[in-house]
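Contents: one structure, followed by commentary.
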Amino acid sequence: MDGQRSTYHALFPRAWTIYDGEPDPDLKISCRQVSPFIPNNYRESSFPVCVFSYVLINTGNEDANVSLLFTWANSIGGDSHTSGGHYNVPFVEEDGVRGVLLHHKTAKGNPPVTFAIAACESDDVTVTHCPCFLISGKGGGFTAKDLWMEMSENGSFYKRSWKAEPTTLSQSGSSMGAAVAASVVIPAHTKKTVTFALAWDSPEVKFTRGRSYRRRYTQFYGASGEAAPKLVHDALLGYREWEAKIEDWQNPILEDEKLPEWYRFTLFNELYYLVAGGTVWTDGGPPAQGKVDATIPDILSTTTSFRVNGFSSRTNSTTNLNDAATVGSSKIAYVDTLQNQSIELAILDSDKSWPETINSNNHVDNRKAVTYGDEQPHIVFTASIATSSGLDVSENEEEISEKLLKAMQAANLDHDINSTSWDVPYGTSLLEKGEENVGQFLYLEGVEYFMWCTYDVHFYASFALVSLFPKLELSMQRDFAAATLIHNPKRIKFLAEGKRSAKKVFGAVPHDLGTYDPWVEVNAYNIHDTSRWKDLNSKFVLQIYRDVAATGDANFARAVWPAVYIAMAYMDRFDRDRDGMIENDGFPDQTYDTWTVHGISAYCGGLWLAALQAAAAMADLVNEKNAADYFRTKFCQARDVYTKKLWNGSYFNYDSGSSSNSNSIQADQMAGQWYAWASGLPPLFEDTKARSALQKIYDFNVMKVKGGRMGAVNGMHPNGKVDDTTLQSREVWSGVTYGVAAAMIHEGMLEQAFQTAEGVFLASWSEQGYGYWFQTPEAWTTDGHYRSLTYMRPLSIWAMQWALNPPKSLAEAPRFPSTRRGSTSYLHTGFSLVAEAVRTFPKPQIEKIRSLFHYLCGCLCRKKP
């Protein structure tokens, strides 16, 4: 068979290989490959299994005896490929399912893997097997050549026993395989179906630091390592039902002739990355092996909850954060007693001595100065609690604060102060009692950039997950909410600047969930100090709000609200001139990590504007009226500054600096506006500005590059020349191009949107392109040189579908920018205090984390009286 008349067709999660008259001109053979990737299905979609269903049509005038052979190597490649010690075992399951198990012993102490290959025997189909054959290396016995000779002569294997007897262990230096054959007689002018299945059972995933987790499917098949026979059995009997569900999902889009043909199938094929991107889906339980040490002092065990008057004023409250005393030049702001309970906040300048004790009514002072070496204390939160009757404890606050507190306590990585064992907390700790735990989800930024769930990139890719598996999207966001409240003081050297800084700073959204010990040791990225990046916190707030608005999950909103507030407070440090707008710091402090930004940035500034709107809307949802008013007013203030500094009458300048590329046209300048639209928020700017900027991007960044056949180049000078300031400014980013197209769709510019996105298809997926199918890279240059094959960001094509067919809860989004302002005279002081607290938070120990976090949760999560 030379393959000249054979073709392959892909529509993820299915594919078809058509053998048209090969190997026999009277036979038409098609192989349909099916994976159980089913939206909103958190059971079968986790199964490590696939099906190969052959349809055999005999167009001749005589009966045809057809045999199909399914072979598989007992190997996962790498060090264990020829290490020896592997063996195979035949098996028989119910309903005629027969096959061979291939038990593989992995290297370096990693968990073993068991493969199963099988077919289903029936009145028409006879199944035989070869339990073992030598592929290469040492050892006698049945070889691959012998296997082929037996099949070619007999059309099947000799009738071997199906008794479950293990084969001889493979020798070191050799590799072995197994085979299953299915034979069928096809009368003239009829068709038959023969189906095989493959499963791979490896119940645990082990990371480099030694921690292991059970995979999601073990919830349904157990973790004994004996699930493979049952998996192939269920696949062979259930795959038609899976296909029906897949077709119900895909057909409305595939049959919509208003959509370009290339878009309809590329939309689904880009989803390959959700399963091929190094994906790990756990059962959401604690590590099967490995613990992290952390000590949890019982210093606050005398109360079940904090109830204080914090960031927001209350109508029946007599406490006001404006009450403060000044000692020298240091300000002590304290929350007075509330029914025999009080918390106080001390903010000190690092060069000032510890202030005098300040007592208030019914308050027992227990403030202590804590120093590290020669350092002076910066900020200390202390609490004194009286549990006398009359304290109105909020159940909501108690549950939420205790969950996030647990996350902070156990995820703190200052091992110098730890001595006892404690399970690592995850975002699953934020689940309300009775909420479904669908597990935790990891995928790599790219197969060349080995970091889990890189957040600035997931910002784009997340539309696929929230559209199809929203519970997994919320699970990941819980992980980032918990990680935002981690502080890891371990000092590492960042490569670009050559300086050392903390690996993870409290309040800064992490760049990623780690590499070698995900969830526990976050921020594997070490080029720049991402605690100084200007996009991550805004992206966190925007994704959280979008997910809340789309799912309507109030429990999720309440659980992550403290992290949202802290993320916003953390960003306050970057508004150095106090005009409401953050400024960049003259280095590549955002996802474009080789592209320097000075002053106000079209990209980061736009994200900040959208985040202010999202934070205000989120505050409304959790009944924090004053916080909502504050963020809304700050948004209006910041938008005025942003527009004044960047709008040039046609588009928003790259930044407000004076460099040679400050007036460049950035393809991604409308990212904030795009997310506002996608989240059901009012647009940041009126339509005239939005359409003008997007049309400029289309005319210059898209159409001036190969006639629009490559996507949108990141940077373009207003004279029509590509901005070659840096590698990334002259690249086309596939995922950003899809995002720009989504923004155009939101603005009603459908023709420009599909022309823009088609450039990615033509370069990456078409026969005339660069051959990137099922490995869409992060970027390519205008002369076709790619960077980072098989990358996460192109999943953002699902942002286009989100724009075309938004969730019902977002379909009636406002079309006019908000001008609503609120009164902030009260809240401004409260927000400033929290921002200052986050800014000056010292090297944490558990005691201070505990009191700080109880304080913040009490402020943020308290129900209205």
Side-chain angles (χ1 to χ4, degrees), residues 456 494 496-499 527-538 571-612 634-635 637-673 684-685 689-690 692-697 699-701 704-705 712-733 736 740 781-782:
D456 55 304
F494 293 99
E497 293 83 18
K499 297 179 180 179
I527 297 177
H528 299 288
D529 179 0
T530 59
S531 70
R532 297 175 59 203
W533 275 20
K534 310 306 183 296
D535 61 340
L536 288 168
N537 282 40
S538 296
M571 291 294 287
D572 191 70
R573 69 190 64 196
F574 302 126
D575 178 14
R576 295 181 178 84
D577 55 6
R578 317 313 302 164
D579 62 358
M581 174 51 63
I582 61 170
E583 292 88 32
N584 291 76
D585 282 330
F587 76 101
D589 48 358
Q590 25 75 44
T591 193
Y592 299 91
D593 59 356
T594 69
W595 200 357
T596 297
V597 194
H598 300 274
I600 298 173
S601 154
Y603 181 68
C604 296
L607 293 173
W608 173 242
L609 289 177
L612 286 167
K634 194 164 187 172
F635 160 73
Q637 178 190 12
R639 179 176 57 186
D640 292 344
V641 174
Y642 180 90
T643 304
K644 180 180 179 180
K645 293 283 188 179
L646 297 180
W647 181 249
N648 62 22
S650 178
Y651 63 94
F652 294 96
N653 288 333
Y654 175 70
D655 65 28
S656 63
S658 57
S659 67
S660 61
N661 69 324
S662 288
N663 66 343
S664 284
I665 308 162
Q666 185 178 11
D668 218 359
Q669 63 182 272
M670 299 300 289
Q673 177 98 341
L684 308 183
F685 316 106
K689 282 189 174 69
S692 175
L694 289 170
Q695 188 65 45
K696 193 75 171 184
I697 293 165
D699 291 340
F700 280 70
N701 302 60
K704 289 185 180 297
V705 179
V713 69
N714 284 334
M716 179 72 77
H717 289 297
N719 63 3
K721 293 184 178 180
V722 172
D723 183 347
D724 60 357
T725 303
T726 180
L727 168 70
Q728 292 175 348
S729 64
R730 61 177 177 264
E731 287 180 329
V732 173
W733 283 12
V736 168
V740 170
T781 55
T782 55

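- In terms of modelled atom types and a separation under 3.5 Å, the side chain of S662 and the main chain of G657 share a donor-acceptor contact.
- The salt bridge (Lys or Arg N to Asp or Glu O under 4.0 Å) pairs that include a residue from residues 580-604 are K534-D585, K534-D589, R576-D585, where partners are two or more places apart or lie in different chains.
- Taking Y651 as the reference, nothing meets the ring pair (Phe, Tyr, Trp, His ring centres under 6.0 Å) condition, with sequence neighbours excluded.
- Note: F574 CZ to S538 OG = 10.0 Å, rounded to the nearest 0.5 Å.
- In this structure, the side chains of F494 and T530 stay at 4.5 Å or more apart for every pair of heavy atoms.
- At least one donor-acceptor pair closer than 3.5 Å links the side chain of Q590 to the backbone N or O of W595.
- One N or O on the side chain of Q728 and one on the backbone of T594 form a donor-acceptor pair closer than 3.5 Å.
- Separation of atoms NZ (K689) and CE (M670) is listed at 10.5 Å; rounding is to 0.5 Å.
- Remark: side-chain polar atoms of N648 are not paired, donor with acceptor, to backbone N or O of N653 under 3.5 angstrom.
- Under the ring pair (Phe, Tyr, Trp, His ring centres under 6.0 Å) criterion, H717 pairs with no residue at all, not counting sequence neighbours.
- With hydrogens and angles disregarded, a donor-acceptor distance shorter than 3.5 Å links the side chain of S729 to the backbone of T725.
- Y642 and W608 have their aromatic ring centers separated by at least 6.0 angstrom.
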S659 vs N661, side chain to side chain donor-acceptor pair (under 3.5 Å): CA-CA, chis, key distance, verdict | CA-CA 5 Å; S659 67; N661 69 324; 2.7 Å; yes
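- With sequence neighbours excluded, no residue forms a salt bridge (charged side-chain N to carboxylate O under 4.0 Å, His left out) with D655.
- In terms of the salt bridge (charged side-chain N to carboxylate O under 4.0 Å, His left out) criterion, residue partners of D572 (sequence neighbours excluded) are, by chain and number, R578, K634, R839.
- Listed by chain and number, the residues in a ring pair (Phe, Tyr, Trp, His ring centres under 6.0 Å) with F635 amount to none (sequence neighbours excluded).
- Minimum heavy-atom separation, I600 to I582: CG1-O, 4.0 Å.
- Taking the six-membered ring for Trp and the full ring otherwise, the centers of F685 and W647 sit at least 6.0 Å from each other.
- With hydrogens and angles ignored, the 3.5 Å screen pairs a side-chain donor or acceptor of R639 with a backbone N or O of L684.
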Run the numbers on Y654 and D723 for side chain to side chain donor-acceptor pair (under 3.5 Å), then give the verdict.
-> CA-CA 11 Å; Y654 175 70; D723 183 347; over 6 Å; no
